Amino acid sequence: MAYNFQSIEKKWQKTWEQKKAFQAKENSKKKKYYVLEMFPYPSGSGLHMGHAFNYIMGDVYARFMRMKGFNVLYAMGYDSFGLPAENAAIKAGIHPRKFTEDAIKNFIKQQKSLGLSYDWKRMLKTSDYDYYKWNQYLFLKFYERGLVYRKKSGVNFCSKCDTVLANEQVKNGRCWRHEDTEVEIKQLEQWFIKTTEYADELLDNIPKLDWPERIKTMQENWIGKSEGAEILFEVENTNNKISNVVIVHGSADDKNDKEYNKHWMIWIKKILEEKGIKVFAPNMPEPWGSTYMAWKKEFEKISNNINENSILIGHSRGTAFLVKWLGETGKKIKKLILVAPWKIADKKYKESFYDYKINDSVRSQVKDIVIFTSNDEEKDGKKSAKVFHDSLGGKLIELKDHGHYVLEDMGTKEFPELLNEISLTEKWPIFTTRPDTVFGVTFMVVSAQHSKLYEIVSAKQKKEVDEFLRKIRSTKQEDMDKLEKEGVFTGSYAINPMNNEKIPIYAGNFVVADYGSGMIMAVPAHDQRDFEFAKKYNLKIKEVISGGDIAKEAYTGAGKLINSKEFNDLDSEEAKEHIIKALEYKKLGKKTVQYKLRDWLVSRQRYWGTPIPMVYCAKCGIVPVPEKDLPVKLPEKVKFGKGNPLETDEKWVNVKCPKCGKLGRRETDTMDTFFDSSWYYLRYCDNKNKKKPFDKKKVDYWMPLDQYIGGAEHAVMHLIYARFFIKVLRDMKMLNVSEPFAKLFNQGMLHGEDGFVMSKSRGNVVLPEEISGKYGIDTARIFLMSMAFPDKDIQWSDSGIEGSYRFVKKFSEGVLSLKLGKSSNRLESKVNKTIKNVTEDIMEFRYNIAIIKLRQLYYFIEQSVEVSRKDLESFLKMLSIYAPHICEELWRKLENKKLISLADWPFADEGKIDANFEREEELVESLVNDLNNVKKFVENAKKAYAYIIPQDLGAYAGNFKEIEKRINLRLSIFAVNDSKKYDPQGKSKKAKPGKPGIYLE
RNA sequence: GCCGGGGUGCCGGAGUGGUCAAACGGGCAGCCUUUAAGCGGCUGUGGCUUAGUGCCUACGCAGGUUCGAACCCUGUCCCCGGCACCA
């Protein structure tokens, strides 16, 4: 039979379709098997050999499992939303829908020509309304469950995509689609999905998955769990929260007043100003004898500077007027500090001279009230403070060392208690895996990229910090890895909760801003990075774990605690627990777990995706679109060009609020397409369902996916999102499995002949249609599957395919001319052994090895005198999963009515496998070798003679022809004891078991 | 730096304790078939040696374990992929 592959391919592809050969049904008695390749993004350029490689791999498996008697679900769909279509639309002026539909048509055509056995009835496209409707449905369900939220935060923005990106889509600080584009951090309000809610389960299940090790490791790293402690450090000087401080006392600002120049208020003012806090100290009228009206005038002057972040400090005689005025204005402030309110308790002053009155509302105007008092009973200091305290509440602090007058006349002394109240230390949680080293903290480092950095930068240090940041920003991404640890002092200090030591805070380039709290406690003695930093800036290094030599390097190992007060001598592991307990007791820390995994940012500022079904209403806030109004369809007629076209489509954007009916605005963001691809495999199970995303029963029948095939590039994107989805859907009782993909196979990449990844721009793309036009797709399938293990990267080779073509041609032309009859025992042994091995190989994806064995089997069959129909058919069946068209044709020519694609996989009869035949082969092999070897020494040899000991005779006799062929000489075989043998040189004497004597002439 | 995978003949790529100078394919060479080309068949393809033998050198490099190592262990170099100062 001449091999006319083109007509054969067409014929059988058509037949499969007509006979609905590959349609999967739920009501089968067979065991189910669900196999898929990751569905593709239908790119405009169609599919090349690399895609084909992927699909053929899955098809071989699907065909195999089908023949093995499983009810196989194997389907194809298209991840048809996404940026490229939109960009193409902008460029070429085609609507993304048209662009996508065309691309899909082309894809389907190409895929069909590869002979893939998909159940096309189950095909889906994510850009269809009846698919993305369910995206919206699920989004809303997630929202109901509190898994969707909107948050303003620093997000990754790619200027080329013109949209934000999820964490997973940032590679080395660059966009996953644009290697040349650095991702910017923008502060934007975006939709997030709480993937972190499932971080633990996502991590814990990993070991149970039958996935490639490297993918599992990648996911583990990505989730990045580490256990440790959260410790609260008091951090001073959070100065953007205090916009100003108003100090109220007469003439504190009056430079001529020598007495007041020495006053503590001057010092406080100076210190605060150094920290960048604005201080107003109005020039008050002489309190003695002045009236409230006079004071009020002065207050009015600074009134505009007083706001919710202000701190007001009143001292002594000014206190009462201040409180009164505050009450009158109704202003809200952050804090009111009254220092030594004086003689208020005295009824005489109270009513006449000071016109004293505490407005009831003051309490609600002030967040925090602190009253300092002296311990001076005699001068009524305590008494007046009490009057204020009774009316206002708040904190009452008695200064033990200062009498009333002493306080007033403190001269050049600082007033630390007051400073403490003003600088208002904030508690920063920091994360550490080494709470045992907390006594060794000698400085803190906050990330230079931290959004709250400037809250702790003092005015004095601002310039230096600015400069440092400028330097960091100018560092290229490439140089980041070689970067030395650098930093700059922020001017602020923190308090170590364990020993109350005051430690400086630095801003550093080596601290990750969005991990933990973005600040670390630095233990230079026991962390290499901290050590390097400390050396560079000459900071203290305090050893707290014994066992290393900290003069040279940080000691990061375990050991006994030293310099750690009551925890000394504890083993470091043990100390962790104890220190955490101590911190918990003080409410200054706790045991925690940190993840690298971030919540999934799902909103995208682009058109070609699923609209997020939300409405913004001025009155009701964010209102989800009711289920009955789904889908929120994408408007078809929009203007592309600048930004997100949805934003400018007023007709679409303006919508009635579903709650109150007033005019609201639609959310114009669309969903990340990874949302679409997180559950498409569920929709295959029930792709026509109009009422639900999918029927639970059907999904429960098919899921989990038994074999998933796809590239490693999705290790931390699609594969994490999909796993997350399944867990949520399970908790929503929509299905019953916890993991979507039981087995995962990572195919290798097909490289072009030049060794590089196939890409259009490189021009090394091999198209399936080119190859199938020349050799037929069956040849291409065999070639692709036989190059190497399918999980390895392989290189296309134009000459390599010739070898596969030779084989396909050989058997396609040879099978029908074989003599059907009875297989020899030896052939039967070979066939059954091959069945056994090939079956095992395919199950383990050793496609290449399986093909080799099938080739060897065919060569063997070819040489046999005759072959049984059953054995020949076994061979064809096995080969059919690789070369379905030609095998279908030969099968039919062998007068089979059913399709070979639906035939039963051959069964290996192990009883027929006989190891003796292998010995026989070895004997033949050895004789051929010997004969050829001798042939080299005998010029013009015409004939060969072999003298064989009688018991070996059978082994050679059956292979006589093969031997002749292989030595390319005529051969005569004699038994050594044959008296009539021709043996001019007596070579028969050399014969041994397994080693005949030979003679050439 | 950490994690994962690798380094095998002219090339692609099997082999993971003896049966290995190493499957299978490609390339190349020789021979056969053929009027010729093509196709096909056979043989060869580390070195030396030999009437079918024997030896040496080889599986990144260097050591080790073992009666025996491409394969196990240790160290080292290089390549690929992932993460990347994760506290």
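In this text, all values refer to a predicted model and were calculated from it rather than measured experimentally. Each chain gets a letter, A, B and so on, in the order the sequences are listed, and its residues count up from 1.
- Among the heavy atoms of the strands lying under 4.0 Å from A:Gln856 are primed sugar atoms or P, OP1, OP2 only; no base atom is included.
- Ring-plane geometry between A:Phe674 and A:Tyr721 is classed as tilted, the angle between the planes lying from 30 to 60 degrees on a 0 to 90 degree scale.
- Atom pair A:Asp983:CG and B:A51:P shows a separation of 19 Å (rounding to whole Å applied).
- Side-chain atoms of A:Cys175 and A:Leu165, non-hydrogen and from C-beta on, do get closer than 4.5 Å to each other.
- Among the protein residues, A:Lys936 comes within range of the nucleic acid bases, having at least one heavy atom under 4.0 Å from a base atom.
- Nearer to the 5' terminus of RNA chain B, by closest-nucleotide assignment, is the contact made by A:Trp222 (compared with the other of A:Val511 and A:Trp222).
- For the 3.5 Å distance criterion, the side chains of A:Tyr945 and A:Glu1001 qualify, holding a donor opposite an acceptor.
- One can place CZ of A:Arg434 at 12 Å from P of B:A87, the figure rounded to the nearest angstrom.
- Relative to the side chain of A:Asn968, the nucleotides B:U53, B:C32, B:C24 differ in distance, and B:C32 lies closest.
- When heavy atoms are screened at a 4.0 angstrom cut-off, A:Ile851 is found touching no nucleic acid atom at all.
- When distances run from any side-chain atom of A:Asn932 to the nucleotides B:U43, B:G82, B:A87, the shortest one goes to B:U43.
- Side-chain proximity of A:Lys792 to B:U50, B:A87, B:A14: nearest is B:A14.
- To the nearest angstrom, C1' of B:A23 lies 13 Å from NZ of A:Lys833.
- For A:Tyr506 and A:Phe533, the gap between ring centers is short of 6.0 Å.
- Taking the nucleotide of RNA chain B with the nearest heavy atom to each of A:Thr217 and A:Pro996, the more 5' of the two is matched to A:Thr217.
- B:U57 and B:U8 have their C1' atoms separated by 15 Å, with the value rounded to a whole Å.
- Which of B:U43, B:A51, B:A87 sits closest to the side chain of A:Val934 comes down to B:A51.
- Counting any heavy atom pair closer than 4.0 Å across all strands shown, A:Glu532 reaches no nucleic acid atom.
- Between the C1' atoms of B:A23 and B:G15, the separation comes to 8 Å (whole Å).
- In this structure, B:U35 forms no base pair with any nucleotide, since neither Watson-Crick nor G-U wobble geometry is met with both distances under 3.5 Å.
- For the pair A:Glu813 CD and B:G41 P, the computed distance is 11 Å after rounding to whole Å.
- For the C1' atoms, the distance linking B:A14 with B:A87 amounts to 46 Å, nearest Å.
- Within the shown strands, B:G30 is the pairing partner of B:C42 under the Watson-Crick or G-U definition, both distances less than 3.5 Å.
- Nearest to the side chain of A:Arg214, among B:G4, B:A51, B:G82, sits B:G4.
- At a cut-off of 3.5 angstrom, the base of B:C85 holds at least one donor-acceptor pair with the side chain of A:Lys485.
- Across all strands, A:Gly516 comes closer than 4.0 Å to no nucleic acid atom at all (heavy-atom distances).
- Note on A:Lys810: only backbone sugar-phosphate atoms sit closer than 4.0 angstrom, heavy atoms only; bases stay farther off.
- Ion pair A:Glu921/A:Lys830 flagged as a salt bridge, since at least one NZ, NE, NH1 or NH2 atom sits closer than 4.0 Å to an Asp/Glu carboxylate oxygen.
- Comparing B:G12, B:G81, B:G26 against the side chain of A:Arg806 picks out B:G26 as the nearest.
- Across all strands shown, A:Lys995 has heavy atoms under 4.0 Å from base atoms, whether or not it also approaches the sugar-phosphate.
- Remark: the separation of the P atoms in B:C56 and B:U43 is 28 Å, to the nearest Å.
- The separation of B:U45 from B:G82, taken at their C1' atoms, amounts to 40 Å, rounded to a whole angstrom.
- Listed candidates were B:C24, B:C85, B:A87. Nearest to the side chain of A:Phe510 is B:C85.
- For the 3.5 Å distance criterion, the side chains of A:Tyr882 and A:Ser804 fail to qualify, holding no donor opposite an acceptor.
- Phosphate proximity of B:A87 to A:Ser226: present, with a side-chain N or O under 4.0 Å from OP1 or OP2.
- Within the 4.0 angstrom heavy-atom criterion, only backbone atoms of the sugar-phosphate kind lie near A:Lys965; the bases stay farther away.
- Put simply, CD1 on A:Ile849 is 10 Å from P on B:U16, counting in whole angstrom units.
- Taking atom C1' in both B:G17 and B:C71, the straight-line distance is 6 Å, to the nearest Å.
- Pairing for B:G1 is with B:C83, a Watson-Crick or G-U wobble pair whose two hydrogen-bonding atom distances lie under 3.5 Å.
- Atom name P, nucleotides B:G26 and B:C39: the rounded distance is 12 Å, in whole Å.
- In this structure, A:Lys987 is not positioned above the aromatic face of A:Tyr999 in the sense of NZ or CZ being under 6.0 Å from the six-membered ring centre and within 45° of the axis.
- Nucleotide B:G12 has B:C24 as its partner under the Watson-Crick or G-U criteria, with both atom distances under 3.5 Å.
- Taking atom P in both B:G27 and B:G12, the straight-line distance is 15 Å, to the nearest Å.
- Residue A:Tyr999 is classed as a base contact, given a heavy-atom separation below 4.0 Å to a base.
- Note on A:Thr432: only backbone sugar-phosphate atoms sit closer than 4.0 angstrom, heavy atoms only; bases stay farther off.
- Side-chain proximity of A:Lys987 to B:U53, B:G25, B:A51: nearest is B:A51.
- Across the protein-nucleic acid pair, A:Asn929 atom CG and B:A21 atom P stand 13 Å apart, rounded to whole Å.
- Here B:A23 presents its C1' atom at 13 Å from CD of A:Glu921, a figure rounded to the nearest Å.
- As a whole-Å value, the separation of A:Leu203 CG from B:C83 C1' is 15 Å.
- Under 4.0 Å is where a charged nitrogen must lie from a carboxylate oxygen, and between A:Glu577 and A:Lys591 at least one such pair does.
- Using a cutoff of 4.0 Å between basic side-chain nitrogens and carboxylate oxygens, A:Glu573 and A:Lys576 are scored as salt-bridged.
- A:Ile520 comes within contact range of at least one nucleobase, with a heavy-atom separation under 4.0 Å.
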